[in-house]
Amino acid sequence: MAHRILTGIKPTGQLTLGNYLGVLKHLPKIQNDGESFIFIADLHALTLPIEPNDLKQNSIDIAAFYLAAGLDPNKATLFLQSSVSTHAELNAIMQNYLYMGELSRMTQFKDKSSKMNQNSIGLGLFAYPVLMACDIILYDADIVPVGEDQVQHVELTRDLVNRFNNRYGETLVLPKAVMQKVGARIMSLSDPNKKMSKSDPKGDIYLKDDLKTIRKKIMSAVTDMGDEIKYDQVNKPGISNLLTIYACCKDLTIQEAENQFKECHRYGDFKKAVADAVCDELEPFQKRYQEIIENKSYIDVLKQGAIKAKKVADATLIKVKKKVGLLDVE
Ligand code: TYM
């Protein structure tokens with residue numbers, strides 16, 4: 001059977017090089033492996049406080065970034081999650097099949113909620129993986145390209161699918177998280193033991209940073225003792241992260257990247273090569289992004305995408321409603 005591919009990005013803040021190297025860069029290739037549904041997870045962005053104008057602008061940016069990365073709207077269906085109300089409808093059903101114990105063990109929830117006032121943690125943040133599971137299930141996706149931090153949520157989706165199918169008979173497709181060999185976890189430039197996430201201006205490279213800023217950030221990235229350019233996550237997390245970034249930009253394996261710097265014993269020279277590689281990668285991407293923002297071509301793409309996505313999603317919802325015994329009198 002042909003593959004169904006689904007993935008999404010949440011418009012919570014500025015997209016980072018982590019989002020790009022972990023997923024975005026690879027989507028144009030992945031879209032040829034089957035039928036792809038690629039979306040902007042805007043409902044998910046409401047799980048933490050966000051200004052309405054920021055949410056709008058971030059959503060537009062993600063649409064433009066998808067197109068700038070090379071996704072072809074004739075091949076992949078691109079849409080806004082909130083344009084397909086079926087996600088919220090399935091969520092109302094599926095929330096009964098995931099348990100509070102499971103949800104409270106999710107790393108992302110634990111991380112985010114531990115930094116918040118315990119009296120003002122929204123229910124949506126806690127229930128986040130239910131909606132994410134619905135995103136995947138609705139499109140019968142068997143392949144879910146993600147970075148490492150999202151694997152736990154896809155695993156939980158698998159538990160949900162198995163639970164549902166055991167109870168009601170074979171209904172939902174079992175998804176699998178697929179990660180890149182290189183780039184599934186890009187680390188912060190200011191603390192290479194921490195993941196690069198959208199909320200760390202010092203350690204992040206933002207896809208909208210100008211090239212000068214990007215260079216500056218890479219040149220001041222935290223490195224490690226010694227002078228060897230070697231991949232060693234335990235003893236050399238900073239250098240390992242920069243090697244990963246370099247390898248990913250140049251489409252090399254870590255080993256190949258390491259070989260290129262065997263003779264290099266100056267971190268400064270190495271960092272300059274990394275900065276060149278990132279700028280070479282992002283310069284044309286940023287140009288395409290700018291053109292797309294100016295000609296607003298994303299609007300029509302998202303409109304058409306929502307129509308296509310809704311058809312597929314509605315068919316799954318009807319199937320699920322029947323299975324659980326919701327009466328259909330239409
Ligand atoms: P989000 O918006 O946090 O991130 C989008 C994608 O980028 C990956 N990623 C990274 N990859 C490598 N290194 C990093 N430092 C890094 N940071 C982020 C993420 O793993 C993700 O693949 N919950 C999701 C959005 C979502 C979704 C879905 C994804 C909602 N429904 C259904 C897949 C399927 C999220 O918040 O991703």
Side-chain angles (χ1 to χ4, degrees), residues 4-27 30 36-48 50 55 58-59 61-62 65-66 69 79-82 84 87-88 90-91 94 106-109 111-112 124-125 127-158 160-161 173 175-200 203-207 240-241 244-245 247-249 309 313:
R4 273 280 176 82
I5 298 145
L6 175 129
T7 198
I9 302 180
K10 192 174 55 182
T12 31
Q14 294 233 13
L15 288 208
T16 70
L17 188 65
N19 299 124
Y20 180 81
L21 296 180
V23 176
L24 202 48
K25 172 183 160 85
H26 313 283
L27 292 179
I30 294 173
S36 307
F37 292 85
I38 313 286
F39 73 105
I40 299 156
D42 54 353
L43 289 174
H44 286 278
L46 291 170
T47 55
L48 289 172
I50 185 163
L55 177 53
N58 295 341
S59 300
D61 279 349
I62 295 180
F65 282 141
Y66 277 145
F79 64 100
L80 279 160
Q81 183 186 33
S82 63
V84 183
H87 289 243
L90 187 67
N91 186 63
M94 289 303 165
M106 291 294 110
T107 310
Q108 188 167 304
F109 173 71
D111 279 357
K112 297 218 155 117
L125 184 67
Y128 185 108
V130 183
L131 183 58
M132 180 160 162
C134 293
D135 300 337
I136 297 170
I137 288 169
L138 280 173
Y139 300 91
D140 287 340
D142 57 335
I143 293 183
V144 184
V146 281
E148 198 182 277
D149 64 320
Q150 293 300 320
V151 171
Q152 194 184 31
H153 290 156
V154 181
E155 288 299 315
L156 190 65
T157 307
R158 289 171 65 87
L160 171 65
V161 165
V173 171
K176 187 165 170 250
V178 175
M179 277 185 290
Q180 291 301 311
K181 279 204 191 86
V182 184
R185 191 173 177 82
I186 300 295
M187 309 306 274
S188 158
L189 296 182
S190 58
D191 178 357
N193 291 306
K194 224 178 71 192
K195 188 193 70 160
M196 187 182 282
S197 66
K198 293 176 193 130
S199 50
D200 169 21
D204 283 344
I205 289 179
Y206 296 117
L207 298 182
S240 301
N241 189 38
T244 304
I245 292 173
C248 222
C249 288

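One-based numbering along the sequence shown. Just so you know, ligand 1 is whichever comes first in the structure, and atom 1 is the first atom listed for that ligand. What's counted below: heavy atoms across the whole structure, side chains too, no hydrogens, waters or symmetry copies.
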Q. Quick check: does any side chain N or O of Thr16 sit under 3.5 Å from a backbone N or O of Asp204, one acting as donor and the other as acceptor?
A.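 Side chain of Thr16 to backbone of Asp204, a donor-acceptor pair under 3.5 Å: no, none is there.
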Q: Would you mind reporting whether Lys10 and Tyr128 have side-chain heavy atoms less than 4.5 Å apart?
A: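 Heavy-atom side-chain distance check passes, below 4.5 Å.
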Q: Decide yes or no for Glu148 and Lys195: does some side-chain heavy atom of the first lie under 4.5 Å from some side-chain heavy atom of the second?
A: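 Of all side-chain heavy-atom pairs linking Lys195 with Glu148, none is under 4.5 Å.
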(Q) Apply side-chain hydrogen bond (donor to acceptor under 3.5 Å, both in side chains) to residues Ser59 and Asp42 and explain how you reach the verdict. (A) CA-CA 7 Å; Ser59 300; Asp42 54 353; 5.0 Å; no
Q) Quick one: are the ring centres of His87 and Tyr139 less than 6.0 Å apart? A)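 Under 6.0 Å, so yes.
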Could you go through ligand 1 and note, for every N or O atom, any protein N or O atom closer than 3.5 angstrom, writing the atom names and distance to 0.1 Å, or 'none'?
unit_1   : atom_1 : unit_2 : atom_2 : d
ligand 1 : 2 (O)  : Lys10  : N      : 2.8
ligand 1 : 2 (O)  : Lys198 : NZ     : 2.6
ligand 1 : 4 (O)  : Asn19  : ND2    : 3.2
ligand 1 : 7 (O)  : Asn19  : ND2    : 3.1
ligand 1 : 11 (N) : Gly18  : O      : 3.3
ligand 1 : 13 (N) : Ile186 : N      : 2.9
ligand 1 : 15 (N) : Ile186 : O      : 2.8
ligand 1 : 15 (N) : Met196 : O      : 2.9
ligand 1 : 20 (O) : Gly147 : N      : 2.9
ligand 1 : 20 (O) : Gly147 : O      : 3.4
ligand 1 : 20 (O) : Asp149 : OD1    : 2.4
ligand 1 : 22 (O) : Gly147 : N      : 3.1
ligand 1 : 23 (N) : Tyr128 : OH     : 2.6
ligand 1 : 23 (N) : Gln150 : OE1    : 3.0
ligand 1 : 31 (N) : Asp135 : OD2    : 2.7
ligand 1 : 36 (O) : Lys10  : NZ     : 3.2
ligand 1 : 36 (O) : Tyr128 : OH     : 2.8

**Q.** Between NE2 on residue His153 and CE on residue Met106, distance to nearest 0.5 Å
**A.** 6.0 Å
